[in-house]
Amino acid sequence: MNSMTRRDAAKLVATGLAGVGLSGSALADDEKKAPTLSKLAMPKDYDHKEAAKALKVWLTDRGFDCKLNKDGESVQYKRGVLLNIHPLTTDTLGLLYCVAYYTPEEDYKDSDELDKLATRTNAAQKMLRVFISSDRYLGVSGCMTFREEFTAQEFDAFVDYMAVVVRRYVLSDKAVKKLLK
């Protein structure tokens, strides 16, 4: 796999959005229908549970199916791929840490092939981190930073990009499919 440039990433997102049933006009229609939902101002008090709750309410009000995880500090959300979103906030800067985990087949859980998949995928694209967790799950993570608030368009573009990269590099290759359940 070749290294991805910014231009390649932009093309990937543009073509990938159509592949997951999303378009710029659909995003614009969302904002016209609900202008109060076009952005989210996150709590600034370091309370990750309040930030997760605010994110869940905002996504639900926008018509998306999501739920708080058991710890109450993250949101499980599916748009193209299933993500766990951990909002981390400070007084001036916020971060949405998004991560997706994939379970390897038992035969491959401790194999070099799983490690090689993470290494190849990291080399092929530079926006997301692909890793093997301590319990040998394949993880894909990325962060979206913001100052005090973010727009629906920014959030949707980031999540859509993650979905495109995961589908292109993690879930598409036949060799990869034999590794994951």
Side-chain angles (χ1 to χ4, degrees), residues 4 6 9-10 12-14 16-102 121-122 125-131 133-135 137-170:
M4 183 183 299
R6 285 186 201 184
L12 179 63
V13 170
L17 291 178
V20 293
L22 305 169
S23 69
S25 63
L27 299 176
D29 289 345
D30 274 354
E31 292 194 17
K32 285 178 192 170
K33 289 178 195 170
T36 59
L37 299 177
S38 65
K39 62 184 173 181
L40 175 62
M42 293 294 272
K44 299 179 195 177
D45 58 2
Y46 298 88
D47 187 338
H48 305 310
K49 288 185 179 186
E50 284 301 313
K53 192 183 306 180
L55 179 62
K56 186 227 181 267
V57 167
W58 182 68
L59 289 169
T60 302
D61 288 351
R62 290 183 61 216
F64 295 108
D65 186 30
C66 61
K67 67 179 184 178
L68 285 173
N69 283 323
K70 290 178 185 175
D71 63 5
E73 292 188 358
S74 61
V75 175
Q76 197 173 76
Y77 170 72
K78 185 170 185 174
R79 181 173 167 139
V81 296
L82 183 63
L83 296 174
N84 288 297
I85 304 173
H86 303 265
L88 309 170
T89 59
T90 65
D91 289 334
T92 58
L93 189 63
L95 177 80
L96 295 180
Y97 174 71
C98 301
V99 63
Y101 288 102
Y102 298 93
T121 306
N122 280 320
Q125 56 79 42
K126 303 296 183 213
M127 296 285 289
L128 303 177
R129 178 177 163 251
V130 181
F131 61 96
S133 69
S134 60
D135 48 0
Y137 290 96
L138 179 72
V140 180
S141 67
C143 295
M144 182 183 113
T145 56
F146 59 91
R147 281 187 49 109
E148 299 176 5
E149 65 184 25
F150 53 87
T151 68
Q153 188 174 15
E154 291 165 338
F155 176 83
D156 293 344
F158 179 76
V159 171
D160 292 343
Y161 177 78
M162 280 199 71
V164 169
V165 169
V166 167
R167 284 185 173 185
R168 179 171 180 187
Y169 292 104
V170 177

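Everything quoted here is computed from the prediction, not taken from an experiment.
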(message) What's the separation between atom CZ in Arg129 and atom OG1 in Thr121, rounded to the nearest 0.5 Å?
(response) 13.0 Å

(request) Under the side chain to side chain contact (heavy atoms under 4.5 Å, CB included) rule, what do Val159 and Met162 come out as? Steps first, then yes or no, please. (result) CA-CA 5 Å; Val159 171; Met162 280 199 71; 5.7 Å; no

(message) Using side chain to side chain contact (heavy atoms under 4.5 Å, CB included), reason through Leu128 and Tyr161 one step at a time and then give a plain yes or no.
(response) CA-CA 10 Å; Leu128 303 177; Tyr161 177 78; 4.3 Å; yes

(message) Do Cys98 and Met144 have side chains that approach each other closer than 4.5 Å (heavy atoms only, starting at C-beta)?
(response) no

(request) Describe, in one word, how the ring planes of Tyr97 and His86 are oriented to each other, choosing from parallel (under 30°), tilted (30 to 60°) and perpendicular (over 60°). (result) tilted

(message) Which heavy atom of Met127 sits nearest to which heavy atom of Gln125, and what is that distance?
(response) N-OE1, 3.1 Å

(request) Using a 4.5 Å cut-off on heavy atoms from C-beta on, say whether the side chain of Leu83 contacts that of Gln76. (result) no

(message) Measuring from atom NZ of Lys39 to atom CD of Gln153, what distance do you get when rounded to the nearest 0.5 angstrom?
(response) 13.5 Å

(request) State, to 0.1 Å, how close Asp160 and Arg79 come at their nearest heavy-atom pair, and which atoms those are. (result) OD1-NE, 2.8 Å

(message) A side-chain contact here means heavy atoms from C-beta on lying under 4.5 Å apart; do Met42 and Phe150 qualify?
(response) yes

(message) Between Arg62 and Asp156, does any NZ, NE, NH1 or NH2 come within less than 4.0 Å of an OD or OE carboxylate oxygen?
(response) yes

(request) Rounded to the nearest 0.5 Å, what's the gap from OG1 on Thr89 to CG on Leu95? Could you check? (result) 10.0 Å

Show me, pair by pair, the donor-acceptor contacts under 3.5 angstrom made by side chains of residues 63-72, not counting sequence neighbours?
| from | atom 1 | to | atom 2 | distance (Å) |
| --- | --- | --- | --- | --- |
| Asn69 | ND2 | Ser74 | OG | 2.7 |
| Asn69 | ND2 | Asn84 | OD1 | 2.9 |
| Asp71 | OD1 | Glu73 | N | 2.9 |

(message) Less than 4.5 Å apart, side chain to side chain, heavy atoms only: is that true for Leu40 and Glu149?
(response) no

(message) Run the side chain to side chain contact (heavy atoms under 4.5 Å, CB included) test on Tyr101 and Leu138 for me, step by step, so that the C-alpha distance in whole Å, both residues' side-chain angles and the decisive distance to 0.1 Å come before the verdict.
(response) CA-CA 6 Å; Tyr101 288 102; Leu138 179 72; over 6 Å; no

(request) Report yes if some heavy atom in the side chain of Leu59 is under 4.5 Å from a heavy atom in the side chain of Lys56; otherwise report no. (result) no

(message) Could you check whether Phe158 and Phe146 have their ring centres less than 6.0 Å apart?
(response) no

(message) Which residue is it: Val130, Val81, Leu82? I am looking for the one with a side chain to side chain contact (heavy atoms under 4.5 Å, CB included) to Tyr102.
(response) Val81

(message) Could you check whether any side-chain N or O of Glu154 sits under 3.5 Å from a backbone N or O of Thr151, counting only pairs where one atom can act as donor and the other as acceptor?
(response) yes

(message) In the structure I gave you, are the side-chain heavy atoms of Phe131 and Val140 within less than 4.5 Å of one another anywhere?
(response) no

(request) Check whether any side-chain heavy atom of Arg147 sits under 4.5 Å from a side-chain heavy atom of Leu93, and report yes or no. (result) yes

